[in-house]
Amino acid sequence: MKVTGLTPLWTLLSLLCGHLANAADHEDVVKHAIKLHRGKGAVITQRKQWVMESCRKLSGLLRQKNVVLNKLKSAIRAVEKDAGLSDEEKLFQVHTFEIFQKELNESENSVFQAIHGLQRALQGDYKDVVNMKESSRQRLEALREAAIKEEMEYVELLAAEKHQVEALKNMQHQNKSLSMLDEILEDVRKAADRLEEEIEEHAFDDNKSVRGVNFEAVLRVEEDEANSKRNASKREVEDDLGLSMLIDSQNNQYILTKPRDSTIPRADHHFIKDIVTIGMLSLPCGWLCTTIGLPTMFGYIICGVLLGPSGLNSIKSIVQVETLGEFGVFFTLFLVGLEFSPERLRKVWKISLQGPCYMTVLMIAFGLLWGHLLQIRPTQSVFISTCLSLSSTPLVSRFLAGTVRGDKEGDIDYSSVLLGMLVMQDVQLGLFIAVMPTLIQAGVSTHSSIFKEILRILILIGQILFSLAAVFLICLVIKTYLIGPYYRKLHAESKGNKEILILGISAFIFLMLTITELLDVSMELGCFLAGALISSQGHMVTEEIMSCIEPIRDFLAIIFFASIGLHVFPTFVIYELTVLLFLTLSVVIMKFVLAVLVLSLILPKTSQYIKWIVSAGLAQVSEFSFVLGSRARRAGIISREVYLLILSVTTLSLLLAPALWRAAIMKCVPRPERRSST
């Protein structure tokens with residue numbers, strides 16, 4: 001095995017000293033190690049002299065370390081017997097000595113660990129990548145443990161330094177008389193110290209030994225600003241406040257979520273800049289789309305593309321932006337429910353329940369057929385078909401904004417059918433997320449356990465159906481006994497002050513989504529039901545609440561659609577444009593045809609004309625396929641390539657949706673209603 005000159009000198013020196021402890025027995029090993037490090041051309045006497053001198057120094061250091069340890073033990077005993085010191089001072093001095101002892105022992109242990117590491121490297125095969133990988137992993141674990149120990153020791157030294165400064169201040173105060181103000185400030189200081197000790201959680205110490213917790217090496221990155229004194233001082237302040245960014249070895253970026261010192265207010269300036277940038281750029285993008293006749297939501301998506309990883313890459317807090325955008329979905333579905341009264345829901349509930357179920361089954365059947373022809377695993381085919389079967393509720397809600405309702409008495413309103421089916425798909429989304437892990441396990445299980453997996457799936461479906469029944473029972477109780485008095489109380493308290501009304505309605509939305517989440521149903525359904533329950537109080541109530549909530553919804557919807565743009569990659573679309581256009585058109589046409597077929601079977605004969613509009617609204621792919629796709633990619637269900645295809649097909653189908661919707665409106669809707677719906 002050939003060893004290069006990159007081996008650390010002190011590591012090799014330690015190895016040689018270990019072998020020279022018995023020079024007569026290990027002379028050959030010593031000569032071989034010297035030859036590896038010094039080369040064949042060196043003089044033998046010089047090599048021996050160098051080794052012996054180095055070993056003499058290391059041996060002297062080890063003897064000196066033992067002498068110091070004995071002196072520290074004697075000093076600790078002397079401190080413990082010193083009657084002139086207080087108990088607190090004794091503990092402080094003993095703790096300081098113990099820290100120094102630990103530092104000496106850890107330094108010695110690191111030397112012997114280096115010797116063992118070099119021995120493993122010398123005994124290994126340089127052609128065996130697996131062996132080298134295992135050695136590297138062991139060294140990485142050792143370095144992580146050493147870093148944690150060093151960090152703990154550094155924290156202990158900081159605490160000791162703080163204690164030493166406080167002891168010095170106490171001695172100075174004892175030697176001079178304090179003024180009244182100084183005494184007050186001293187009492188405040190002690191109270192502040194007690195407060196910090198009470199609110200500090202010690203999260204690092206509490207979690208480092210928890211099972212499943214791994215030590216990771218991270219980089220702490222400050223902003224690259226000008227080298228002026230002002231910016232330098234700003235970075236120092238941010239460093240003290242913990243506002244810098246951490247990056248791990250997997251290139252994941254982290255920001256502060258909960259500070260150690262909760263008494264100091266902090267703000268995530270990256271997140272603030274991101275929201276400000278999105279808000280400013282969304283205006284020209286929205287104007288541009290309005291000018292060329294596209295919905296403004298596509299301008300917001302373009303804004304996200306320009307600012308995201310495929311554009312300027314200026315958005316730092318991507319997760320935080322997406323989280324805030326989720327509130328846009330919540331308030332959008334609430335307003336959808338506000339326009340979707342329980343009377344309308346009862347009128348179309350059978351169609352809303354049957355339609356999505358039939359379409360999903362047909363999509364999965366076609367997916368399995370194509371998967372068999374293309375030799376794709378059944379679990380992957382089912383998953384892709386499931387993603388593509390969903391349609392975008394926020395997008396269609398924007399299409400239906402301000403639509404005139406059914407113009408014939410007894411007719412079924414197409415908006416009611418469409419929204420009912422979309423809400424049922426949101427329920428299916430929660431079902432898909434819950435069932436998918438079980439389906440994956442069933443796909444990789446042996447034949448003897450398939451029946452058990454099927455039984456588990458049936459039990460899980462039964463649990464979800466029970467949860468849905470519980471949700472609707474809770475809604476019935478709220479509608480009958482609670483929602484009326486609750487709104488009247490809010491209305492009485494909010495006269496001349498709309499913030500109470502807005503806060504009360506928002507709290508009710510969050511209550512309903514919490515209930516549905518606790519029952520393992522999608523939070524989106526809870527928001528929709530909150531709107532439907534409030535709409536039961538009458539048209540005047542609906543108009544008042546809508547005027548208050550719509551501005552909030554509009555701003556949060558901008559963030560939501562911009563967050564979708566963060567996951568759109570134009571370069572990938574351009575590289576594979578032909579394939580992606582073919583796949584997108586195939587998916588859109590297939591969904592449209594399947595929706596027409598299903599609606600032809602379940603719609604009454606007097607309402608058959610609305611099947612074209614409803615099918616056009618269901619032909620695109622929901623943005624929630626991003627959620628399913630990301631989870632599947634993390635779980636290893638689909639590859640990176642399939643994930644990018646799902647993202648691209650979803651994006652292109654959303655771009656085609658307005659054209660298909662307008663064509664259906666032009667064909668089937670009377671002119672007065674057409675103007676309001678487009």
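We use all heavy atoms of the structure for the numbers below, so side chains are in, but hydrogens, waters and symmetry mates are not.
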Candidate pair Phe569 and Val573, rule side-chain contact (heavy atoms from CB on, under 4.5 Å), full reasoning: CA-CA 7 Å; Phe569 305 99; Val573 175; 5.8 Å; no
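- Counting non-hydrogen atoms of other residues, nucleotides and ligands closer than 6.0 Å to OH of Tyr487 gives a total above 12.
- The 12-atom threshold is exceeded at CZ of Phe572, counting heavy atoms of other residues, nucleotides or ligands nearer than 6.0 Å.
- In this structure a side-chain-to-backbone donor-acceptor pair under 3.5 Å is missing from Thr480 to Val477.
- With sequence neighbours excluded, the residues satisfying salt bridge (charged side-chain N to carboxylate O under 4.0 Å, His left out) with Glu493 are Lys489.
- In terms of heavy-atom proximity, Val621 sits nearest to Leu654 at O-CD2, 3.4 Å.
- Between Trp612 and Ala664, the shortest heavy-atom distance links the atoms O-CB, 3.9 Å.
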Audit row: Leu307, Thr277, side-chain contact (heavy atoms from CB on, under 4.5 Å) steps and yes/no: CA-CA 8 Å; Leu307 297 175; Thr277 307; 3.7 Å; yes
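- Of all heavy-atom pairs spanning Gln608 and Leu603, the tightest one is NE2-O, 2.9 Å.
- Listed by chain and residue number, nothing satisfies the side-chain hydrogen bond (donor to acceptor under 3.5 Å, both in side chains) test with Ser622 (two or more places apart in sequence, or in another chain).
- Side-chain atoms of Leu655 and Gln620, non-hydrogen and from C-beta on, never get closer than 4.5 Å to each other.
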Full working for side-chain contact (heavy atoms from CB on, under 4.5 Å) between Leu652 and Leu585: CA-CA 9 Å; Leu652 292 177; Leu585 291 175; over 6 Å; no
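- Between Asn313 and Pro309, the closest heavy-atom pair is OD1-CA, 3.7 Å.
- Side-chain contact between Ile315 and Ile318 is present, with heavy atoms from C-beta onward closer than 4.5 Å.
- The distance from the OG1 atom of Thr650 to the CG atom of Leu645 is 10.5 Å, given to the nearest 0.5 Å.
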Test side-chain contact (heavy atoms from CB on, under 4.5 Å) applied to Met363 and Leu388, step by step: CA-CA 8 Å; Met363 283 290 293; Leu388 300 180; 3.9 Å; yes
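- With values rounded to the nearest 0.5 angstrom, Ser467 atom OG is found 11.5 Å from Phe472 atom CZ.
- Contact annotation: the side chain of Pro658 approaches that of Phe298 to within less than 4.5 Å [non-hydrogen atoms, C-beta and beyond].
- Using a 4.5 Å heavy-atom cutoff, the side chains of Tyr358 and Leu594 are not in contact.
- Once rounded to the nearest 0.5 Å, the distance linking OG1 of Thr360 with CD of Gln425 reads 6.0 Å.
- In this structure, a donor-acceptor pair under 3.5 Å is present between the side chains of Ser391 and Lys591.
- In this structure, the separation between CG on Asp554 and CD1 on Ile549 is 11.0 Å, given to the nearest 0.5 Å.
- Within the 4.5 Å cutoff, side-chain heavy atoms of Ile613 are placed close to those of Trp661.
- Ser563 places a side-chain N or O within 3.5 Å of a backbone atom of Phe560 that can act as its donor or acceptor partner.
- Within the 4.5 Å cutoff, side-chain heavy atoms of Leu306 are placed close to those of Cys285.
- At a threshold of 4.5 Å between non-hydrogen side-chain atoms, the residues Leu599 and Met421 count as touching.
- Residues Ile351 and Pro356 share a closest heavy-atom pair of O-CD, 4.0 Å.
- Between the CD1 atom in Ile384 and the CD1 atom in Ile364 there is a gap of 12.0 Å [rounded to 0.5 Å].
- When the shell of 6.0 Å around CZ of Phe510 is examined, it contains more than 12 heavy atoms from other residues, nucleotides or ligands.
- Using a 4.5 Å heavy-atom threshold, the side chains of Leu501 and Glu544 count as touching.
- Note: Leu422 CG to Leu618 CG = 5.5 Å, rounded to the nearest 0.5 Å.
- Nearest heavy atom pair, residue Ser653 against residue Thr584, reads N-CG2, 3.6 Å.
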CA sep, side-chain torsions, deciding dist, call: Phe334, Phe331, ring-ring contact (aromatic ring centres under 6.0 Å, His included): CA-CA 5 Å; Phe334 168 74; Phe331 282 95; 7.1 Å; no
